Amino acid sequence: MYLLEVRDLTKHFGGIRAIEEVRFRAKEGSIMSIIGPNGAGKTTLFNCLTGITRPTKGAISFFDMETTGLKPDSIVKLGVARTFQNIRLFREMTVIENVMVSQHCRTRSGLLSAIIRSNNFRNEEKTIKEKALEYLELVGLEAYADTVAGSLPYGSQKRLEIARAIATEPRLILLDEPTAGMNPQETGEMMELIKKLQELGKTIILIEHDMKVVMGISENIVVLDHGVKIAEGAPEEIRKNPMVIEAYLGKEH
Amino acid sequence: MNKAVSKTDSPIHRFTHSPFFIALWLALLFLPFKGLKAAGILFIVLFAAVSMLNMFKKYVGTMKGVFSDFKQYLLGRSRIKLPESKTRSIALTLLMSVVVMALPFYGHDYLIDIAVLSGIYIILAQGLNIVVGFTGLLNLGFVAFYAIGAYSYALLNTKLGMGFWASLPLSVMLVTLSGFILAIPALRLRGDYLAIVTLGFGEIVRLVLNNWDSFTKGPNGIGGIEPPNIFGMQISKLGHFYYFIIIFVLLAVFIIRRVSASRIGRAWIAIREDEIASSSIGINTTAYKLYSFAFGAFWAGLAGVLFAAKMQFVSPESFTFMESVLVLCMVILGGLGSIPGVVLGAIILVMLPEMLREVQLYRMLALGSGLVMLMIFRPQGLMGGKGVSFRG
Ligand SMILES: Nc1ncnc2c1ncn2[C@@H]1O[C@H](COP(=O)(O)OP(=O)(O)O)[C@@H](O)[C@H]1O
Ligand SMILES: [Mg+2]
């Protein structure tokens with residue numbers, strides 16, 4: 001069963017062709033990688049998938065539901081979550097608050113119940129907190145629950161972003177360069193975490209530059225270059241693909 | 001990322017953040033109020049001050065370090081223990097409540113009068129704090145909602161003969177609605193642009209009140225407004241009005257605290273922290289910004305009704321741009337997003353000018369330099385946890 005289907009997706013910024021007629025599908029429960037040189041359009045692709053930018057052309061469907069042109073918050077409700085290449089945490093909020101606020105779209109208490117602190121409200125708050133701790137435990141940050149998010153070290157911030165994404169209860173998680181700037185040990189832990197997410201039944205698409213990570217965990221790889229999909233396939237095929245080697249190393253090699 | 005970088009580097013951005021532009025902008029704002037000469041002097045003074053501040057910016061960091069070292073040193077020497085234990089803070093709260101609740105028994109009328117005014121400003125500033133402090137939307141025309149609240153009660157009471165309790169919900173609803181109506185077009189804008197549009201809205205409301213003679217009596221204002229009634233008893237004595245206001249202040253603080261500690265408040269803060277991230281975790285940012293604008297306006301409306309009932313007179317003079325600035329100063333002084341901080345900020349900024357009355361000429365100077373010092377040494381405000389910044 002395909003969870004995500006992207007058809008002829010195109011995004012132009014004025015004269016810049018960030019993405020050009022890209023098409024691919026993602027199988028439910030799989031880990032897929034998107035690779036390509038800087039400026040290839042990978043982040044723009046994520047922005048289109050999550051509704052942050054509107055594609056110029058093409059269609060995106062999630063479980064056969066058209067999501068093209070929907071607003072980001074509606075897409076999250078359908079079950080697509082993401083992290084950002086340059087971390088976008090709520091820096092002044094504590095670690096646990098970051099994960100609590102992320103359950104916004106799965107909770108519903110309104111103004112009045114917040115003021116009178118109705119039973120429903122209190123139960124909901126309790127569940128939000130419990131779940132937040134659970135998600136923090138998953139990424140190994142439960143000890144830092146009350147730390148201000150902005151003061152966490154870089155690697156922990158990346159993991160907090162993942163906890164925040166999971167808290168929206170997604171079926172598909174988009175990770176934009178999850179291991180960028182990490183040392184080998186942190187990278188290894190991140191790979192473990194991504195595999196754990198897969199075991200929880202999540203489908204994962206990641207943008208990644210570290211070939212060890214890409215070759216190590218993905219079942220399917222899509223290669224973008226200058227906005228165009230130049231190859232797609234299993235790790236062994238991609239490794240041998242001359243077009244990919246050329247895109248990465250240049251013509252003369 | 002690309003977008004943010006290009007924004008701060010663009011020539012327009014550099015221009016709007018240059019001392020020349022800042023000084024010109026503020027001077028132009030003052031032009032209608034104070035005339036060409038005063039605006040010219042203001043421009044020169046501001047230009048010099050901002051340029052100097054820019055030049056000394058790098059020294060400010062060192063100064064801050066020295067300042068905090070000094071504080072550490074002082075605290076270490078005198079071994080001051082801040083109240084930490086629970087019993088101590090309970091005792092302190094109790095003492096403060098007694099001081100506040102017994103005020104009419106030991107204070108003279110002048111003091112009670114100022115205290116009542118402080119109460120009204122606390123409600124007003126709490127309203128603005130929701131918009132600016134929690135949600136991070138700079139509103140420079142907040143006083144418009146205060147004015148609409150005050151005039152609604154004034155008109156309902158004097159034209160239709162409606163009492164306080166009948167007018168209160170109607171007026172506050174009207175203000176909340178006008179909060180929505182302003183927010184719908186204004187929220188398409190960000191940062192500085194939103195600030196300018198809200199500023200315009202504030203001025204429009206004041207000008208309408210000033211010029212619609214047949215309806216609002218223009219600059220003469222509306223007098224003879226009834227004070228509130230409780231069980232057939234008119235609350236016209238100052239001491240009684242003081243308690244009346246305290247009830248509303250407590251109500252406002254209680255409700256706003258609870259809302260800010262709910263998923264609604266968390267969503268507002270998330271929007272302030274990062275709008276794109278907020279929408280990417282499923283917050284409908286447009287709806288929640290609207291919500292924040294309307295909820296903030298609600299409290300401004302309540303403050304307006306109370307103000308009209310207290311003064312028994314309203315005129316456009318009470319709702320100038322300077323009033324918006326004053327309320328914004330209360331929020332920033334106390335600390336953006338800090339409820340107790342904003343209470344403190346409102347009290348200080350109502351009391352301080354009164355206390356400095358003897359030194360008439362210098363009081364605005366003293367107040368101004370005090371605020372500048374605060375911005376340098378404690379940019380997050382007295383009790384806030386966050387620096388003053390409005391991201392686009
Ligand atoms: N908001 C934007 N406005 C204009 N150009 C953009 C914008 N976002 C991305 N681009 C351009 O689109 C291209 C692809 O960028 P991006 O998707 O960030 O690449 P990648 O993530 O693969 O490094 C780049 O040339 C970039 O400059
Ligand atoms: Mg990128």
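Quick note on labels: first sequence line is chain A, next is B, and so on, each numbered from 1. FYI, side chains are in, hydrogens and waters are out, and symmetry mates aren't considered; it's all heavy atoms of this structure. Since the model is a prediction, treat every value here as computed from it, not as a measurement.
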In short, Glu92(A) meets Glu273(B) closest at the heavy-atom pair N-OE1, 2.9 Å
Within residues 49-82 of chain A, the residues sitting under 4.5 Å from chain B by heavy atom, in sequence order, are Ile52(A), Lys71(A), Pro72(A), Asp73(A), Val76(A), Lys77(A), Arg82(A)
Among residues 141-168 of chain A, those lying within the under-4.5 Å heavy-atom range of chain B are Arg164(A), Thr168(A)
For a salt bridge (charged side-chain N to carboxylate O under 4.0 Å, His left out) check, start with the C-alpha distance between Glu125(A) and Arg266(B), then their side-chain angles and the critical distance, and finish with the verdict. CA-CA 12 Å; Glu125(A) 281 291 301; Arg266(B) 285 194 294 266; 3.0 Å; yes
Rounded to the nearest 0.5 Å, the CD1 atom of Ile276(B) sits from the CG atom of Asn47(A) at a distance of 8.0 Å
With a 6.0 Å cut-off (strictly less than), is the heavy-atom count around CZ of Arg258(B), excluding the residue itself, greater than 12? yes
Pair count under 4.5 Å, heavy atoms only, with chain A: among Ser262(B), Gly337(B), Gly265(B), Ala270(B), highest is Ala270(B)
Validation row: Phe90(A), Ile281(B) side chains within 4.5 angstrom (heavy atoms): yes
Separation between CZ (Arg88(A)) and CD (Glu275(B)), nearest 0.5 Å, reads 10.0 Å
Taking a cut-off of under 4.5 angstrom between non-hydrogen atoms, the residues of residues 100-118 of chain A near chain B are Met100(A), Val101(A), Ser102(A), His104(A), Cys105(A), Thr107(A), Arg108(A), Ser109(A), Gly110(A), Leu111(A), Ala114(A), Ile115(A), Ile116(A), Arg117(A)
Per-residue tally against chain A (heavy atom, under 4.5 Å) across Ile255(B), Ile264(B), Asn284(B) peaks at Asn284(B)
Against chain A, residues from residues 180-189 of chain B with at least one heavy atom under 4.5 Å, in numeric order, are none
